[in-house]
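Remarks on the structure that follows.
Lettering follows sequence order; numbering is per chain, from 1.
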Amino acid sequence: MSAVQAVDLKRTFRTRTGLLRRTAKDVEAVRGVSFRIEPGELFGLLGPNGAGKTTTIKMLITLLLPTGGSASVLGHDVVDDVREVRRRIGYVFGGDRGLYERLSAYDNLRYFSELYGVAPREQKARIGELLELVGLTGRERERVEGYSRGMRQRLHIARGLLHDPAVLFLDEPSIGIDPVGARELRATIGLLKEQGKTVLLTTHYMFEADELCDRIAVIRSGEIVAEGTPTELKQRVPGGRVLEVETYGVPEATVASVGEVGGVRSVAMEERGQQQVLILQCEPDAEVTQGVLARLGGVRVGRVVSREPTLEDAYVELVTRA
Amino acid sequence: MERIGAVLHQQLVCYRLQLRVLSTSLFDGLLAVFFPLMFATAALLVYRIKGDPEAMQYAGLGAAIMGMWTCQGVIASSLLTRERWAGTLELLVAAPTPLSRVLVPITMALSTIGLYCVVATILWERWVFGLRLEIASWPLFVLSVLMAALTLALFGFFLSVTAVRYRTSWSLGAALEYPGWLLCGFLVPVELLPDWIHPLSWSIPTTWAMAAVRESANGGSPWADLARCAAIGLAYAVLASYLGRRLVDSARRNATLALT
Ligand SMILES: Nc1ncnc2c1ncn2[C@@H]1O[C@H](COP(=O)(O)OP(=O)(O)O)[C@@H](O)[C@H]1O
Ligand SMILES: [Mg+2]
C-alpha cells in the first residue's frame, strides 16, 4: 500500500469580483495531478509560486475538498475518512504564523499534544525528544514572540511530529529563512527521513529538492510536467548554454520578444532588487548576444554573462516552457 | 476509564494554557487591568452625588458586571478572528480532536477572565469608595455571577463565529461594547429605555444575568432571570456550534479564506 496516492486530483476555485455585478471566474489551481509516495520516501513537489502546491497539500490533509479525482493517505480516503487521515498525518507550513506567540515553545507543544491526542504520560518525554531533534533544547521556556524565523520553523516541525505521524506534509518550510537556518532545517528534514517517516515536501528551491528528495515531481500551472529521481531529472538538462543579462526596468513585451531571437530556447526573468535578470537558455553553439541586445533596444543593461547550465536551469526551463 | 481521564486532562491543560494566552494578551498593558476599575470609578462618582446608599448599591453591582461585559465580551467576540490571524485556526480545525472539545476550555478561560473583572471591581469599590455591597444571598449571588460569565462567553463566542463567517460583522462585537452598557441595564434600568429597544435588551443573556445578580443581592428570587439567561445563552451556543460547523464545511468546499 502506498503512503500517499493521488489520482487525477483536481481543484477549481471560484472567485468573485465586482461589488454590484458579481462575475464569477473559475481558477483551475490543480488540474489532474497523479502521484504515489511509498512508505519511507521523501517526495518533493517542486514548482513556482501559484503552481498549485499548497492546494494539492490542502486536499491531501483534508482541509480542502477536491473538485475532481481522489486521494488517499495510508489507504484512507481524504474525503470520507477524515478522522483516520488526520490522526496519521502531520502538517507544517512555512512562514512564522501558526503558533501562540504569548506562550513558550514548551506550552505550545503541550497544547497541541493535547489536541493531537498524545497520551498524558508520554507527553513530557515526547516533547523533550522533539525539542532535541529540532535543536531547541534549552530555549523551550522562552516565549515564541522572541523566536527567530528559523527557530519558529523548527518549532513548527516539532509540533507537526508530536503525535508521531507516519506521514508528514511540509509546505515550503524554508520560506523566508536565512541560509544558515535553512541548512539546519534541511538537516532536520534529513533526520526525519532516517527515522523512516514518509515526507511530502513542497518547495520552489531546486537545490533543496535535489539535496533532500528521493523523488521529485515538478508541478507547473496545476499539472505535473516531469517526475523522477533527482539524477533522472538532471539528465533532462539539454546541452546548451545560459546567458544572463542584467536589465533595469525591462517591459514584459520586450522580454517576450527576446525569447523569439534565433537560438534562444526559453527566457525567464528574475527580480534581484532593482534589477531584472533575464535568464536565456540557448542552443549550444548559437551566437545570440548581439540579437538579444538589439531587441532590448533602449533598456538599460548591466552585466552580460554566459555560463554552463545548472540543475536549476533545468527546472526553470521545465516550469517556464510554454 | 482511561479515555475519560485523558479527556479531562486535555480539557484542564487546554483551559490553563488558553487562560495564559488570554490573560497575557489582556494584561500586558497595566492599563487593561485597570480598565474595568476606571468605569466603576466613573459610575460610582456620578451616583455618589445622590448620597443614596441604594443608588450606590445599584451602581456598584452594575459596574461589576459592566467590567465583565467590556473585558470578557470584547476578547470573546474577536476570539476566532485572532486565532485566524495567528494562523492557528487552521491547525485547530485540522486536529483529530472534535472542534467542540477544543472550544469548551476556551469558553471556560473566557469566563474566568470575566470573573476576575467582577472580583476586581468589587474589591476596588470596597477599598476606594468604602462601598460594602449588601448581598442577601451569597450562594445565589455567586451562582448569578457564574451564569453571567458563562453566558457572556457563549454570546461572545457566537459573535466571533459570525465575525469569521460574515466579514463585515467583525465590527459588530466592538460596536456592541458601548451600547451594551445601556442595553443590559448596568447603570440605567432597562425599563427606562424606549419600548422598541426592549427586545434587543432581552436578546442579550447579560441583561438577564444582571437582573439575577440584583435580585440575589437584594433578597429577591433570581431563578426566573437565571432560567431566561441560561436558555438564551444555550440558544447562542447551539447557534454558534451550528454556524461553526457550517463555517468549517464551507471552508473545505468553497475555500473561503475563513481558516487562514
Ligand atoms: N482560496 C482560493 N481562492 C481562489 N484562488 C485560489 C485560492 N487558493 C489558491 N488559489 C489560486 O490557485 C493557484 C494555486 O495556488 P497555490 O496552491 O497556493 O500555489 P503554490 O502553493 O504552488 O504557490 C493560484 O493561482 C492561486 O491564486
Ligand atoms: Mg504555497
Can you tell which part of B:R101 gets under 4.5 Å to a heavy atom of chain A, answering side chain, backbone, both or neither? neither

Can you tell which part of A:V85 gets under 4.5 Å to a heavy atom of chain B, answering side chain, backbone, both or neither? neither

Would you call the rings of A:H156 and A:F93 parallel, tilted or perpendicular if under 30° counts as parallel and over 60° as perpendicular? tilted

Is a salt bridge present between A:D164 and A:R126, judged by a nitrogen-to-oxygen distance below 4.0 Å? yes

Who wins among B:Q11, B:H9, B:R16 for the most heavy-atom pairs under 4.5 Å with chain A? B:H9

Parallel, tilted or perpendicular: rings of B:F155 and B:F158 (30°, 60°): parallel

Which bit of A:F13 comes within less than 4.5 Å of chain B, counting heavy atoms only: side chain, backbone, both or neither? side chain

Between A:I61, A:T62, A:D96, A:L65, which residue shows the highest count of heavy-atom pairs closer than 4.5 Å to chain B? A:L65

Is the CD atom of A:E132 crowded by more than 12 outside heavy atoms at less than 6.0 Å? no

Among the options A:T12, A:I89, A:N108, A:L99, pick out the one with the most heavy-atom pairs lying under 4.5 Å from chain B. A:L99

Using a cut-off of under 4.5 Å for heavy-atom pairs, which of B:A86, B:P98, B:P105 has the most such pairs with chain A? B:A86

At their closest point, which heavy atom of A:R143 faces which heavy atom of A:E101, and how far apart are they? CB-O, 4.0 Å

Do A:Q123 and A:S113 get their side chains close enough for a donor-acceptor pair, meaning under 3.5 Å? no

A:R11, A:H163, A:M59: which one forms the most heavy-atom pairs within less than 4.5 Å of chain B? A:R11

Ion pair present between A:D107 and A:R110, side-chain N to carboxylate O less than 4.0 angstrom? yes

Which atoms of A:R14 approach chain B - backbone, side chain, both or neither, heavy atom under 4.5 Å: neither

Bottom line for A:L103: the part with an atom under 4.5 Å from chain B's heavy atoms is side chain

